[in-house]
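Here the structure comes first, spelled out in structure tokens, and everything after it is commentary.
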2 protein chains.
Amino acid sequence: MTDQSPPEMPPADLPRLGEIGLTNFAPYLMNRIMGRYNASLREEMAGLGLTTPKMRALAVLSVIEGPLIRELAVYSVVEQSTLSRALDQLATEGLIRREADATDSRATRVFITEAGRAAFETLWPHMSEAHSRMFRGIPADERSAFVGTLQKMLTNIRKHEI
Amino acid sequence: MTDQSPPEMPPADLPRLGEIGLTNFAPYLMNRIMGRYNASLREEMAGLGLTTPKMRALAVLSVIEGPLIRELAVYSVVEQSTLSRALDQLATEGLIRREADATDSRATRVFITEAGRAAFETLWPHMSEAHSRMFRGIPADERSAFVGTLQKMLTNIRKHEI
DNA sequence: CAGTGATATTTGCAAATGCATTTAAATCTG
DNA sequence: CAGATTTAAATGCATTTGCAAATATCACTG
């Protein structure tokens, strides 16, 4: 692939972060908001031995039936190696079950158990409550517009997968 | 404070995550999106010895002049102990400078140096580019509505501070 | 104004993380 | 179909993280 243009085209004249302002820069706001959302969930659930990777895996598995581990890693937003170890714990605690894929013997599918569903039942109200706090005072139409934009953004940033 | 109601009022009848759907649940989408945003930035900047906490501190310091360390921790969305160590590195590299607060000798203020600004100059185009990718195909009015909602959410989830 | 409690930052240390590698199995290629 | 390449998951290991404790200083209270 030949490329006529210089290796790194310097941006003509990028607006500066100071000009935009931190609180008008969407990624900054999203990191602030999710930082607190995740921190409060983590604090609330730490007593139950639920770490962030374990919570996320359970939440996804409550909705998606028997994904491959690499798929679960993407859905859960957890590094695959970290997820592998979180699944070890969840399996030991009887909350999930690994099962060899029927047609590809390299692959493993993950299933939530009844105990896992029960654990998620105690987790979900906390997630839901944190969600409600986030959206307090924001009307329904604004909420759905917001989610619509998020969905576009997700398709934008996906590499190609899932 | 006496409380007539049971310790944990069980939610009347909470909609389940499966009913809502993962891709309609805003915190899930936001974690997915920011997971990739942060990961791509981290990968791009790892070669320059810039970790996520260091990048975030530099970004905030490029905009906010001489915050206290605990303030910087909030703005940067980094645990204070982690930030303390990130600042050690940034100071060693000459990118920031710690300065004792004038009136409170417990407190430390942090300033970005010229070298720090230069480092942020190389960082910012990557942030800006990742931002552009996120918002590709999303019209200006939708973008600003989105940011408006984020700002409301930030005030909702703040504990009380900053 | 001494004593108690709160606040700012750093640091010790165990646990968690992520990169790179390994192992195993599938797929592609000549 | 043998050999090379890719893919799935687990693991070794060095680094990073975050909690809790330590240190230092300030603010409040009687």
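Residue numbers begin at 1 in each chain, while the letters A, B, ... track the order of the sequences. Note that the coordinates shown come from a computational prediction; the quantities given were computed from them, not determined experimentally.
Within 3.5 Å, a donor on the side chain of Arg85(A) pairs with an acceptor on the base of dG18(C), or the reverse. Residue-to-nucleotide contacts include a donor-acceptor pair under 3.5 Å from the side chain of Arg106(B) to the base of dT7(C).
Using a 4.0 Å cut-off between a side-chain N of Lys or Arg and a carboxylate O of Asp or Glu, Arg133(B) and Glu129(B) qualify as a salt bridge.
Checking the phosphate oxygens (OP1, OP2) of dA8(D), no side-chain nitrogen or oxygen of Arg98(A) falls inside 4.0 Å. Between Ser105(A) and dA25(C) there is no side-chain N or O to OP1 or OP2 distance below 4.0 Å. Distances shown here put a side-chain N or O of Arg42(B) below 4.0 Å from the OP1 or OP2 atom of dC19(C). Close to dG18(D), at under 4.0 Å from its OP1 or OP2, lies a side-chain N or O of Thr82(B).
Rounding to whole angstrom units, CD1 of residue Ile96(A) and P of dA9(D) are separated by 12 Å. Atom CD of Glu79(A) and atom P of dC13(D) are 20 Å apart (whole Å). Distance CG (Leu72(A)) to C1' (dA10(D)): 15 Å, rounded to an integer number of Å. Atom-to-atom, CD of Glu71(A) to P of dT7(D) comes out at 14 Å; the value is rounded to the nearest Å. Atom CG of Leu90(B) and atom P of dT10(C) are 13 Å apart (whole Å). Here dA10(D) presents its C1' atom at 15 Å from CG of Leu68(A), a figure rounded to the nearest Å. Atoms CG (Leu87(A)) and C1' (dA10(D)) sit 11 Å apart, rounded to a whole Å. Straight-line distance from the NZ atom of Lys54(B) to the C1' atom of dT15(D): 13 Å, rounded to whole Å.
In the hydrophobic clustering of this structure, Leu68(A) does not group with Val78(A); members are Ile, Leu, Val, Met, Phe, Trp, Tyr whose side-chain heavy atoms approach within less than 4.5 Å, directly or through other members. Connection of Phe111(B) to Met55(B) is not established within any shared hydrophobic cluster, with ILVMFWY side chains joined at heavy-atom distances below 4.5 Å, either directly or through further cluster members.
Residue Asp104(A) is the one, among Asp104(A) and Asp88(A), whose nearest nucleotide of DNA chain D lies closer to the 5' end (criterion: closest heavy atom). Both Gln89(B) and Arg109(A) sit near DNA chain D, but only Arg109(A) has its closest nucleotide nearer the 5' end. Mapping Gln80(B) and Thr52(A) onto DNA chain C via the closest heavy atom, the residue that lands nearer the 5' end is Gln80(B).
The nucleotide whose nearest atom lies closest to any side-chain atom of Pro53(A) is, among dT17(C), dA8(D), dA10(D), dT17(C).
Of the options Trp124(A), Phe135(A), Tyr37(A), a ring pair (Phe, Tyr, Trp, His ring centres under 6.0 Å) to Phe25(B) is made by Trp124(A) and by none of the others.
Ring geometry for Phe146(B) versus Phe146(A): interplanar angle under 30°, hence parallel rather than tilted (30 to 60°).
Note on Ser81(B): a base of the nucleic acid sits closer than 4.0 angstrom, heavy atoms only.
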